[in-house]
Enquirer: 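Have a look at this one.
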Amino acid sequence: MSENESLCQRCAQHMRTCCQTREIYVTLGDVDRINTFGNHQNFFEYRPPSDPSYLNQEDDPTWARCVLGPRGRRRVLKRRANGDCLFLGSRGCGLPLEVRPLVCRLYPFDYNEQGIKDEPAAGCPIHLLSPGQELLTVLDMKLPLARQWHEQLYREIRMKRKPQCSLV
């Protein structure tokens with residue numbers, strides 16, 4: 001491993017990345033930002049999760065009520081035939097940070113409606129960090145900014161305009 005490589009580059013050399021294995025939920029706000037940025041069309045679809053455990057959202061009832069639609073389907077980015085995110089290119093994500101879906105910006109934070117959890121989400125290869133490195137430092141992620149994105153995400157999932165999604 002070269003010290004000049006980012007953690008994401010190291011991850012891509014050793015395994016399939018989050019951009020290749022995750023089903024990315026997109027809010028209506030995400031859809032608007034992506035459309036405005038590049039006039040993209042037909043980049044999302046509605047489908048049930050490939051992992052049935054996703055339907056178990058006991059620790060986040062708002063997510064379950066507002067994100068999951070009929071038959072457990074939700075709005076997600078389309079993927080190419082090989083599983084890659086539609087926006088994944090040879091140099092990483094083709095969308096600027098401020099346009100990317102909020103769940104992408106938040107990864108590898110794990111969260112529920114109450115806030116960001118102490119442990120990173122499963123799947124981020126922290127074993128590829130060099131000794132003494134901290135995940136958030138290496139990824140240049142700032143917790144205050146992640147908290148803003150988290151708040152924005154939950155505001156936007158309520159934009160689905162279902163009565164059960166409005167703030168109580």
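For the numbers below, each heavy atom of this structure counts, side chains included, while hydrogens, waters and symmetry mates do not. FYI, the numbering just counts along the sequence from 1.
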Enquirer: Can you find a pair of side-chain heavy atoms, one from E23 and one from P49, that are under 4.5 Å apart?
Expert: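 Result yes, sub-4.5 Å side-chain heavy-atom pair found.
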
Enquirer: Using the test side-chain hydrogen bond (donor to acceptor under 3.5 Å, both in side chains), find all partners of R22 that sit at least two apart in sequence or belong to another chain.
Expert: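 side-chain hydrogen bond (donor to acceptor under 3.5 Å, both in side chains) check on R22 returns Y107.
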
Enquirer: Can you list everything that forms a side-chain hydrogen bond (donor to acceptor under 3.5 Å, both in side chains) with N56? Sequence neighbours excluded, please.
Expert: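 If we apply the side-chain hydrogen bond (donor to acceptor under 3.5 Å, both in side chains) test to N56, skipping adjacent residues, there are no hits.
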
Enquirer: Using the rule that two of Ile, Leu, Val, Met, Phe, Trp, Tyr join whenever any of their side-chain heavy atoms come within less than 4.5 Å, decide whether V99 and V26 are in one cluster.
Expert: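 Shared cluster, yes.
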
Enquirer: Within the structure provided, determine whether T27 and R155 are in side-chain contact (heavy-atom separation under 4.5 Å).
Expert: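 Heavy-atom side-chain distance check fails, nothing below 4.5 Å.
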
Enquirer: Can you list the residues that meet the side-chain hydrogen bond (donor to acceptor under 3.5 Å, both in side chains) rule with T137, with sequence neighbours excluded?
Expert: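 By the side-chain hydrogen bond (donor to acceptor under 3.5 Å, both in side chains) rule, T137 matches no residue at all.
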
Enquirer: Is the shortest side-chain heavy-atom distance between L77 and L86 below 4.5 Å?
Expert: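 L77 vs L86: side chains apart.
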
Enquirer: Does any non-hydrogen side-chain atom of R33 lie less than 4.5 Å from one of L102?
Expert: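 Yes, close enough: below the 4.5 Å cut-off.
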
Enquirer: Among E156, R158, R75, which one satisfies side chain to side chain contact (heavy atoms under 4.5 Å, CB included) with L28?
Expert: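 Testing L28 for a side chain to side chain contact (heavy atoms under 4.5 Å, CB included) against E156, R158, R75 leaves exactly one candidate, R75.
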
Enquirer: Within this structure, what is the CZ-CD1 distance for the pair F44 and I34, rounded to the nearest 0.5 Å?
Expert: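 Between F44 CZ and I34 CD1, I get 9.5 Å after rounding to 0.5 Å.
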
Enquirer: Which atoms form the tightest heavy-atom contact between P48 and R71, and what is the distance?
Expert: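 The answer is CB-O, 4.2 Å.
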
Enquirer: Quick one: salt bridge (Lys or Arg N to Asp or Glu O under 4.0 Å) pairs with a partner in residues 48-63, sequence neighbours left out?
Expert: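 Sorted pair list: D59-K117.
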
Enquirer: Please set out all donor-acceptor pairs under 3.5 angstrom arising from side-chain atoms of residues 142-150, sequence neighbours excluded.
Expert:
unit_1 : atom_1 : unit_2 : atom_2 : d
K142   : NZ     : D140   : OD1    : 2.8
H150   : NE2    : N112   : O      : 2.7

Enquirer: Are any of the side-chain heavy atoms of Y25 and D30 separated by less than 4.5 Å?
Expert: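 With C-beta onward as the side chain, the pair stays apart.
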
Enquirer: What's the spacing between I24 CD1 and K78 NZ if we round to 0.5 Å?
Expert: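 The distance works out to 16.0 Å.
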
Enquirer: side-chain hydrogen bond (donor to acceptor under 3.5 Å, both in side chains) with E45: which residues, sequence neighbours excluded?
Expert: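 By the side-chain hydrogen bond (donor to acceptor under 3.5 Å, both in side chains) rule, E45 matches R47.
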
